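No experiment lies behind these values; they were computed from the predicted model shown. In what follows, chains carry the letters A, B, and so on, assigned in the order in which the sequence lines appear, proteins first and then strands, with residues in each chain numbered from 1.
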Amino acid sequence: MASLSDLAQILRSKNAGPLFVTFDVIFADHASFDQVLASHILTETLISQLYDVPAADVRIIPYAAARAIKITIPRKVISGDIRDTDIYGCQQHLPLGNIWIENSRGDI
Amino acid sequence: MKIVALNGLLGYGYTLESWQQALACNPDIIGVDAGSVDPGPHYLGSGTSFTDRFAVKRDLSLALPEAIRKRIPFIIGTAGGSGASPHVDWLCSIIDEIAQENRLTCRYAVIRSDNSSEYVLEKHCQGKVHPLGPLTLDEEKVRQAAHIVAQMSIDPFIRALDMGVDLIIAGRACDTAIYAAPAIRAGFDPGLAYHMAKIMECGSLCSDPASASDVMLGEIGPEAFTLTPMNPGRRCTVERVAAHTLYEQENPYLIREPDGTANVQDCQYEQVDARTVRVTGSRFIPADTLTLKLEGSCLVGYRAISIAGINDPMTISRIDELFTGVKDFITENQPAIAPDTYQLHLKKYGGILADPDPALAAQMAIIIDVVGQTQDIAGTICSVARSRLLHFDYPGRRSTAGNLAFPYSPSDIKLGPVYGFCLYHVVEVADLMENIKITLGGYQDGQPV
């Protein structure tokens, strides 16, 4: 078992415009990229629970050329809203990084 | 065609060595992105720059005079940080100084992309304004917008280049337009041009080591484009370039532009030498309807804050309850200030009571945050909330001398006007020059002509 944070080389969040936050999980090799995809743990439902957004608004898109999984969600408060605590949206990645990825082979 | 990106944002800096290397490559165009919507609504709303004047002038002073002398067209997009008229004027005043100090002789175009509330509401009535996400169009807020801009496409840049100017100072623009416009004008494939532009607009962020404060060279040909960092200590790698295609994008495959979409799903990334990556396969799909992205910001109120630390674990564990008590106290004791004239929030940092022994709880930081209709209302509510929370006596309290550790005197800080995005929408347009204003100007030996 390892967390997504352990497995990923890059784990980042950033605004995609002021209304959305986009996460990039980028792996150092295709083995870990494939392992995470094959685990089917990253689902719209899980992301919606972690970030308290409707599952229908969660987009999860793998990009094999970069060994990356991109996840985009609407911001709960838009950038610069009175209640905002992260204008750039670049410190939202911790809940995503803490997801545990099962390895059915038992290693890692 | 060789295009140089000075850095990822005008004012971020770059090394002289990288700039000299860029010049040695004989570029056809030099460009720089001078703004972003990332820093939030304040700068668009207030008409001020989030980029520092000294830093911006430094970046331009080192590059612009030499570019002019060598007759390499210089393109600046999203001037002044947000690209509305006051921001454009701000950058033009810096360029006036540089022109004078360097006795420049050149012709320039200023391209403005401001939009009025009336225009937006008229288009909205026609059903031509569409949301991009969880921000609905509120007509009253659009009416009150301080500034509205549209992200201009490649068309105004191409128009200005056709006029033969040496320098383009553009207001709010698509980040890609700065770099894609000259390439598309020269006949290169728009799919490749937009993809290259999307990556290089951040300067050397797509290299290893990465930096938004360094120079990047993009070279586009009929079948491919390449990227090479101008700092000899950096190298573009397939990993970095492919990863940067994702940066700040909602979707990894699609780069949406006013005139269509660049699809990068089937791209091939290739390491051609130690420091250069070659990209092929980016395809452009023209749009059925031309659209421009609108950004608008309106005044929301005036802010006052008070920042404090709390060490006492009992206070930390009860802070929400205490703050509710503070709000009740204010409602009862300040009836002259109507509750709908301000919003009072508590922002909390730290204070994680992970250890069962409360004596070992970590320090918490709080911000008492008030936004009011006037600065006076915000200031009054903030001061009452701060003093009440400081002296709030709860059952079992031991630290009866005060609950809050202030890092500053004054404890209350007036932040001035607060703005919020009232528009982040697309508008359908008949052509991409809609509402664009181009004015020509020039310098002779540093004097405006």
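Interface summary for chain A: among B:V264, B:V418, B:D266, the most heavy-atom pairs under 4.5 angstrom belong to B:V264. In terms of non-hydrogen atom pairs under 4.5 Å with chain B, the most contact-rich of A:A64, A:G89, A:G80 is A:G80. Ranking B:E239, B:R240, B:Q265 against chain A, the residue ahead of the rest is B:E239, based on heavy-atom pairs under 4.5 Å. Chain B forms the most heavy-atom pairs under 4.5 Å with one residue out of A:T85, A:D57, A:V21, A:T72, and that residue is A:T72.
A:P74 and B:P134 get closest at one heavy-atom pair: CB-CG, 3.9 Å. Here the closest non-hydrogen pair linking B:A242 and A:A65 is CB-O, 3.7 Å. A pairwise comparison of heavy atoms in A:K14 and B:D38 identifies NZ-OD2, 3.1 Å as the closest pair. Counting all heavy atoms, side chain and backbone alike, B:L246 lies closest to A:A68 at CD1-CB, 3.3 Å. In this structure, B:Y424 and A:G17 approach most closely via the heavy-atom pair OH-CA, 3.5 Å.
Between B:N251 atom CG and A:Y63 atom OH the span is 10.0 Å, to the nearest 0.5 Å. A distance of 6.5 Å separates CG of A:L19 from CG of B:L132, quoted to the nearest 0.5 Å.
For A:D24, the part lying near chain B is the side chain, with the backbone staying farther off; criterion is any non-hydrogen pair under 4.5 Å. Of the two parts of B:Y269, only the side chain, counted from C-beta on, holds a non-hydrogen atom closer than 4.5 Å to a non-hydrogen atom of chain A. Both the backbone and the side chain of A:S79 come within contact range of chain B, each with at least one heavy atom under 4.5 Å from a heavy atom of that chain. Residue B:Y253 touches chain A through its side chain alone, counting heavy-atom pairs closer than 4.5 Å. Heavy atoms of A:I78 lying under 4.5 Å from chain B belong exclusively to its side chain. Only the side chain of B:T245 comes within less than 4.5 Å of a heavy atom in chain A; its backbone stays farther off. Looking at A:D84, the atoms closer than 4.5 Å to chain B (heavy atoms on both sides) all sit in the backbone: N, CA, C or O. In this structure, chain B has heavy atoms under 4.5 Å from both the backbone and the side chain of A:Y88.
The closest donor-acceptor contact from the side chain of A:T22 to the backbone of B:E248 lies at 3.5 Å or more, if one exists at all. Looking only at distances, no side-chain donor or acceptor of A:R67 sits under 3.5 Å from a matching main-chain atom of B:A243.
Salt bridge annotation for A:K70-B:E250: absent, with no cationic side-chain nitrogen under 4.0 angstrom from a carboxylate oxygen. Between B:D369 and A:R83 there is no salt bridge, since no side-chain N of the basic residue sits under 4.0 Å from a carboxylate O of the acidic one.
Using a 4.5 Å heavy-atom cutoff, the side chains of B:F421 and A:D81 are not in contact.
Around the NZ atom of B:K414, the shell of radius 6.0 Å holds no more than 12 heavy atoms that belong to other residues, nucleotides or ligands. For CZ of A:R59, the number of neighbouring non-hydrogen atoms (other residues, nucleotides, ligands) closer than 6.0 Å is greater than 12. No more than 12 heavy atoms of other residues, nucleotides or ligands sit less than 6.0 Å from atom NZ of B:K141.
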As a quick check of understanding, evaluate side-chain contact (heavy atoms from CB on, under 4.5 Å) for A:I82 and B:R303, giving each step before the final call.
CA-CA 9 Å; A:I82 288 177; B:R303 186 174 241 132; 3.9 Å; yes
